[in-house]
Amino acid sequence: MFESLSDRLDSAFKNLKGEGRITDLNIAATVKEIRRALVDADVNYKIAKEFTDTVKDKALGEKVLTAISPSQLMVKIVKDELVHLMGDDAADFNAKGAPAVILIAGLQGSGKTTFSGKLANYLKKQKKLSPLLVAADVYRPAAMEQLRVLGEQIGVEVYLELENKNPVEIAQNAIRDARSKNKNVVIIDTAGRLAIDEAMMTEVANIKNAVNPQEILFVVDSMTGQDAVNTAKAFNDRLDFSGVVLTKLDGDTRGGAALSIKYTVNKPIKFISSGEKLDTLDVFYPERMAQRILG
Ligand code: GDP
């Protein structure tokens, strides 16, 4: 993950090796290389520029302590700014309610259904909750079947209404069902399309209005770079979601989505998914991610 970005940042810091202190002159090449590395990792130019301007100001403004070299200082400043860019602290996830309702939205293929299964598994095992998964994709029987199979694997009940074509009704009925069975969290997997489309947005917005979710998680494939950020913006404009789930971080992803989404939509990344297995879900910690990027 983010290998190219890590290598490029590392080589940028090497520019400062052997320098006694940071000056306008010796920092210029480093900052330029950092900016290029970010842009090549699919970070939008404006964000990359703002990022490096801040890094430069901070570096020039700090007195170099004798114990810390200019390159070490630069690594520290870049790390702090990466953490800040990704949202500083880990975000809360609200699974409290009677039941708590979690709405899952995103494009088809982003990893929504897989994530719904992983989240149910995580809430069951780590939080000792009793989840109900809801298949609200009424257009693709295969998606319902996929969720049913996932539920079976993790021992979580899946709510299905094979004949009902109204996802709002399915969601409402599922919540009633959950209440009657003392399930304390309901995870609603909604239908996605291959591209942003008005009918899909209206449908998810209707479900949101009908069920009043504690959390609306927007799932996005991290491999899609700047498209991921644009899609996030479109979904957030319509849904005002509460958090982002980045998927496929086990692939050859460049980092742009992880680094730019918080800045662009001002919503935190809450979970990262890195594999097809059901236990490959992690809470997102900006600090850990920055550490991984810097190696
Ligand atoms: P949906 O259409 O949004 O519900 O997407 P799916 O959950 O069906 O996922 C689409 C494809 O991506 C499937 O083949 C999944 O196995 C795969 N997938 C989902 N999440 C991940 C992940 O984190 N890593 C990898 N490598 N594959 C994933």
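Just so you know, ligand 1 is whichever comes first in the structure, and atom 1 is the first atom listed for that ligand.
Ring orientation note: the planes of F115 and F271 are tilted relative to one another, at an angle of 30° to 60°.
A distance limit of 4.0 angstrom between heavy atoms and ligand 1 selects the residues L107, Q108, G109, S110, G111, K112, T113, T114, K118, R140, Q146, K248, D250, S273, S274, G275, E276.
Residue pairs that meet the side-chain hydrogen bond (donor to acceptor under 3.5 Å, both in side chains) test with at least one member in residues 92-106, sequence neighbours left out, do not exist here.
Under the side chain to side chain donor-acceptor pair (under 3.5 Å) criterion, E198 pairs with T202, R238, not counting sequence neighbours. Under the side-chain contact (heavy atoms from CB on, under 4.5 Å) criterion, R288 pairs with Y285, sequence neighbours left out.
With 3.5 Å as the limit, one finds no donor-acceptor pair spanning the side chains of K181 and Y159.
In the hydrophobic clustering of ILVMFWY residues, with side-chain heavy atoms under 4.5 Å counting as a link, M144 and V168 come out together.
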